[in-house]
Amino acid sequence: MTQLVEIRSLEDLEWVARKVGLPVGPRTGRSKEKKEWYVLFGYLRATIPFKMVELPIVVRNGTPPDEPDFVVTRSGCTIGLLEITEATVEIDQKEMTSFQRSTKKVAMLGELGGRFAGGASRPGQAWATDILDAIRRKSGKAIFQDSSAARHLLVYPNSNASILLFDEGDEREAVDVLRGEIAKDITMLSRTTNGCLTHVLCKHFLCFDALGEMRILPQSAPFLRSSRSRFRPLVPPVKCR
């Protein structure tokens, strides 16, 4: 369903989120569209306070396959295009879904078929790899094609690797790994993205322009935080280093 919302201030995000149906419900009952809105609002919540998004804006769902997930306009002119992509692997997603459909209240990672059944000494490496793979999977898509409007790819890590990043310190260590992995393949990644800015929405902050200067912006939104916890159904028994 196509929805259209106007955002004139940071405070508008609260009621606009309710208008599009956020917070997101349990894994088995939420739609792809709601998850995309969730990621978009996380991005706006982090960037608006730093004047990195000029308001007011009007946002609507894009029309595939010629448009990405969201189209941003102002005064009737298209000024931004945004695509949402999840950084994950299939076996982790299947495990999360299996957990939601089970009667278990707690399960260890890998118990239902996902990665890291025996723990992980360097989850940040897998986390970074998931993100780069998600970027590469968008090769040839509309968001990487030339446009007069600013283009943005929003990457949302949601996997067993991201679950193992327990706190802000863990995420910062993982971001350092990501920087190193990007540096190894920056020429090809830049060619693939074709001028599209790439951002990573973490649990504690936003990595803005991850393939460029990568600014770290705080990511704090109560209605998003409460929703996000539902995306992490499996609870590891111990913190692995």
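Residues: numbered from 1 along the sequence shown.
- Nearest heavy atom pair, residue F41 against residue A17, reads CE1-CA, 3.8 Å.
- In this structure, F208 has its ring center no closer than 6.0 Å to that of F50.
- Proximity of P157 to D130: side-chain heavy atoms (C-beta onward) are nowhere separated by under 4.5 Å.
- The ring pair (Phe, Tyr, Trp, His ring centres under 6.0 Å) pairs that include a residue from residues 62-90 are W37-F70, where partners are two or more places apart or lie in different chains.
- With R151 contributing its side chain and N194 its backbone, the two residues share a donor-acceptor pair below 3.5 Å.
- Side-chain atoms of D69 never come within 3.5 Å of backbone atoms of L82 as a donor-acceptor pair (strictly under, hydrogens ignored).
- In this structure, the side chains of T129 and Q125 come closer than 4.5 Å at one or more pairs of heavy atoms.
- The minimum heavy-atom distance between A161 and D92, with the atom names listed, is N-OD2, 4.3 Å.
- Across I143 and L81, no two heavy atoms sit closer than the pair CD1-O, 3.6 Å.
- In the hydrophobic clustering of this structure, M214 groups with L153; members are Ile, Leu, Val, Met, Phe, Trp, Tyr whose side-chain heavy atoms approach within less than 4.5 Å, directly or through other members.
- Under the 4.5 Å side-chain heavy-atom criterion for grouping Ile, Leu, Val, Met, Phe, Trp and Tyr, V53 is connected to I7 within one hydrophobic cluster.
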### Task
Take K138 and E83 through the test salt bridge (Lys or Arg N to Asp or Glu O under 4.0 Å) and record every step on the way to the result.
CA-CA 9 Å; K138 288 296 177 178; E83 178 82 4; 2.8 Å; yes
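- For the side chain to side chain contact (heavy atoms under 4.5 Å, CB included) with V39, the qualifying choice from N158, I84, L44 is I84, the only one to do so.
- When every heavy atom of S159 is checked against every heavy atom of A87, the shortest pair comes out as CB-O, 4.1 Å.
- V5 and L154 fall within a single hydrophobic cluster, where Ile, Leu, Val, Met, Phe, Trp and Tyr are joined by side-chain heavy atoms under 4.5 Å apart, directly or via other members.
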### Task
Check step by step if side chain to side chain contact (heavy atoms under 4.5 Å, CB included) holds for T47 and H199.
CA-CA 11 Å; T47 53; H199 319 290; over 6 Å; no
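- By the 4.5 Å heavy-atom criterion applied to side chains, D209 and M52 are not counted as neighbours.
- A heavy-atom distance below 4.5 Å is not found between the side chains of E54 and I79.
- One finds the CZ atom of R136 at 11.5 Å from the OG1 atom of T193 (value rounded to the nearest 0.5 Å).
- Side-chain atoms of D170 come within 3.5 Å of backbone N or O of F166 as a donor-acceptor pair.
- Between the NZ atom of K94 and the OG1 atom of T88 there is a distance of 12.0 Å, given to the nearest 0.5 Å.
- By the ring-ring contact (aromatic ring centres under 6.0 Å, His included) test, F144 pairs with no residue at all, sequence neighbours left out.
- Between the OG1 atom in T198 and the CD1 atom in I131 there is a gap of 11.0 Å [rounded to 0.5 Å].
- Using a 4.5 Å cut-off between side-chain heavy atoms of Ile, Leu, Val, Met, Phe, Trp and Tyr, with links allowed through other members, L10 and V59 fall into the same hydrophobic cluster.
- The two residues D12 and R8 come nearest to each other via the heavy atoms OD2-N, 2.7 Å.
- Rounding to the nearest 0.5 Å places CG of L178 at 8.0 Å from CD of E181.
- For the atom pair E14 CD and L22 CG, the distance stands at 10.5 Å (nearest 0.5 Å).
- Partners of D176 according to the side chain to side chain donor-acceptor pair (under 3.5 Å) rule, which considers only residues two or more places apart in sequence or in another chain, do not exist here.
- A donor-acceptor contact shorter than 3.5 Å links the side chain of K203 to the backbone of S162.
- Between the CD1 atom of I48 and the OG atom of S9 there is a distance of 8.0 Å, given to the nearest 0.5 Å.
- Between the R74 side chain and the P56 main chain, a donor and an acceptor come within less than 3.5 Å of each other.
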### Message
Assess the residue pair V58 and R60 against the criterion (side chain to side chain contact (heavy atoms under 4.5 Å, CB included)); give the C-alpha distance rounded to whole Å, side-chain angles, the decisive distance to 0.1 Å, and a yes or no.
### Response
CA-CA 7 Å; V58 174; R60 66 167 174 83; 5.7 Å; no
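- In terms of heavy atoms, C207 sits closest to C202 at SG-SG, 4.0 Å.
- With H204 as reference, E171 is the one residue of Q219, E171, E168 to meet the side chain to side chain donor-acceptor pair (under 3.5 Å) rule.
- For the pair V200 and F205, the minimum side-chain heavy-atom distance is 4.5 Å or more.
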